[in-house]
Amino acid sequence: MTDLKQLPLRAVHAAHGAKFVPFAGFDMPVQYAAGVMAEHKHTRDKAGLFDVSHMGQVLLPLGADAALERLVPVDVIGLKGGRQRYGLFTNDAGGVLDDLMIARRAGDLFLVVNAARRDHDIAHLRATIDGVTEVTDRALLALQGPQAEAALARLLPEVTAMRFMDVAQIGWQGAELWVSRSGYTGEDGFEISVPTDRAEEIASTLLAMEEVLPIGLGARDSLRLEAGLHLYGQDLAEDISPIEAGLTWAINKIRRKGGAREGGFPGADRILDEMENGAPRRRVGLRPEGRAPMRASVPLFAAPEGGAQVGVVTSGGFGPTLGAPIAMALVDSAVPPGATLYGEVRGKRLPAAQTGLPFYTPTYKR
Amino acid sequence: MKFTEEHEWLRADGDTVTVGITEHAATQLGDVVFVELPETGTTVVKDDEVVVIESVKAASDIMAPLDGEIVEVNEALADNPGLVNEDPLGEAWFFKIKANDPSQMDGYMDEAAYNKMIG
């Protein structure tokens with residue numbers, strides 16, 4: 001049994017009544033005194049502060065952009081300075097090894113990867129790229145919600161000029177903060193990389209503001225589910241292609257068939273073929289008819305009785321903004337889009353309507 | 001009132017026992033969003049899973065604390081599962097069971113012993 005890693009802000013979490021759970025090797029706050037439902041709604045109404053220091057922060061030399069393109073179906077070479085883009089590491093079978101953020105800054109490329117895939121991703125990068133540096137002396141915070149800009153602008157007036165997916169390095173009282181206008185909630189907001197020894201000071205300053213509450217992993221999950229955002233290990237995996245996962249939009253035109261830098265990433269044959277000819281499965285949203293949540297791994301059927309399984313829930317739970325259960329699922333492409341599906345929950349098949357995604361329309365500041 | 005190690009409370013009225021969960025349990029569960037109740041008339045054996053509670057975080061089961069027959073369930077929880085958080089010891093009772101052997105109650109804790117257990 002390995003010891004859980006502690007977040008640099010553990011004392012701040014504890015002071016706000018955090019309940020801790022193990023997640024990706026870290027002892028993480030799953031909720032605070034307010035509880036998941038209240039935290040979720042607070043983030044949608046005002047501003048929530050998340051400690052996401054468990055995520056991996058990685059720097060690459062600027063000259064590694066072409067090498068990085070050989071690992072992701074994304075236009076990295078054409079990414080402008082001061083901008084960030086969503087990316088995917090694919091495998092030779094056309095599945096997904098991880099999803100990540102890629103930012104081009106004045107002096108380097110800055111990547112943020114999932115905690116559970118950090119060691120994997122760094123080894124994967126180092127196999128073909130020189131100068132891969134893991135950032136180990138920084139915490140990562142996210143401030144999300146309609147009042148996030150007003151709150152952060154009290155410390156960093158520069159952020160009001162940033163648009164969705166802009167990145168900037170901004171000085172604050174002797175510390176350099178790495179700010180991006182992005183997040184994992186469907187709300188406008190920011191992700192802020194801060195020197196570990198200043199993290200508590202910045203978090204406490206933000207939490208002292210009337211509109212800011214600390215938000216745990218529980219609400220992080222329900223917020224991203226409502227926003228239709230993928231969780232690696234559930235909605236994305238090595239045996240799910242980006243096309244099946246509904247991430248065609250993330251494959252930039254220049255890397256698609258007919259593009260100037262077509263293909264050239266792992267699994268390109270399958271992925272580009274699925275773009276043209278369709279994938280065996282597709283991602284759908286589900287709205288269960290009753291109140292019972294359909295959680296990850298609930299099997300889906302086309303009929304209330306009998307018949308073969310036609311899909312599986314990849315993420316599911318309760319959507320506080322909708323006041324109802326919601327889920328994302330992978331279903332066979334042969335399933336008609338309008339058809340009612342039946343999720344088998346505790347031995348009973350319960351009806352669920354297929355819906356588009358997301359459940360909650362993001363409010364990014366574009 | 002008696003308490004089980006599974007954080008249920010039991011209130012006896014003759015051989016009919018009303019069952020709910022404690023405030024401690026409701027707090028641990030977090031916001032309850034769904035309650036699945038047994039059907040009235042179901043015969044149960046102690047430790048049968050009879051109720052499913054889903055919170056925003058996870059699903060948990062409630063076990064029958066006694067052998068007997070479910071004689072009434074709290075339909076209000078189907079429409080308003082949040083009652084479990086608002087009034088766990090009162091309005092959010094789950095079911096009433098007609099006990100085959102009310103002396104099965106004797107094995108459970110009193111309030112002082114339960115409070116000691118949850119520290």
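Predicted model, so just to flag it, every value in this text is computed and none were measured.
When the candidates B:A59, B:A78, B:A58 are compared by the number of heavy-atom contacts under 4.5 Å with chain A, B:A58 comes out ahead.
Note: A:K19 NZ to B:T27 OG1 = 7.0 Å, rounded to the nearest 0.5 Å. The structure places CD of B:E36 at 3.5 Å from NZ of A:K348, a figure rounded to the nearest 0.5 Å.
Taking 4.5 Å as the limit, every side-chain heavy atom of A:R346 sits out of range of all side-chain heavy atoms of B:E49. Contact annotation: the side chain of B:V35 never approaches that of A:R291 to less than 4.5 Å [non-hydrogen atoms, C-beta and beyond]. Counting heavy atoms from C-beta outward, B:F34 and A:P293 have side chains that approach closer than 4.5 Å.
For B:D110, the CG atom sits in a packed shell: over 12 heavy atoms of surrounding residues, nucleotides or ligands are nearer than 6.0 Å. In the displayed structure, B:E23 atom CD is contacted under 6.0 Å by at most 12 heavy atoms of other residues, nucleotides or ligands. Around the CD atom of A:E238, the shell of radius 6.0 Å holds more than 12 heavy atoms that belong to other residues, nucleotides or ligands. Around atom CD of B:E111, no more than 12 heavy atoms belonging to other residues, nucleotides or ligands sit under 6.0 Å away.
Of the atoms belonging to B:V52, it is side-chain heavy atoms, and not backbone ones, that fall under 4.5 Å from chain A. Looking at B:N85, neither its backbone nor its side chain comes within 4.5 Å of chain A, counting heavy atoms on both sides.
Looking at every heavy atom in both residues, A:V36 comes nearest to B:D31 through N-OD2, 3.6 Å.
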### Task
Output, in order, the C-alpha distance, side-chain angles, deciding distance and verdict of side chain to side chain contact (heavy atoms under 4.5 Å, CB included) for B:V33 and A:M37.
CA-CA 10 Å; B:V33 296; A:M37 199 91 84; 3.8 Å; yes
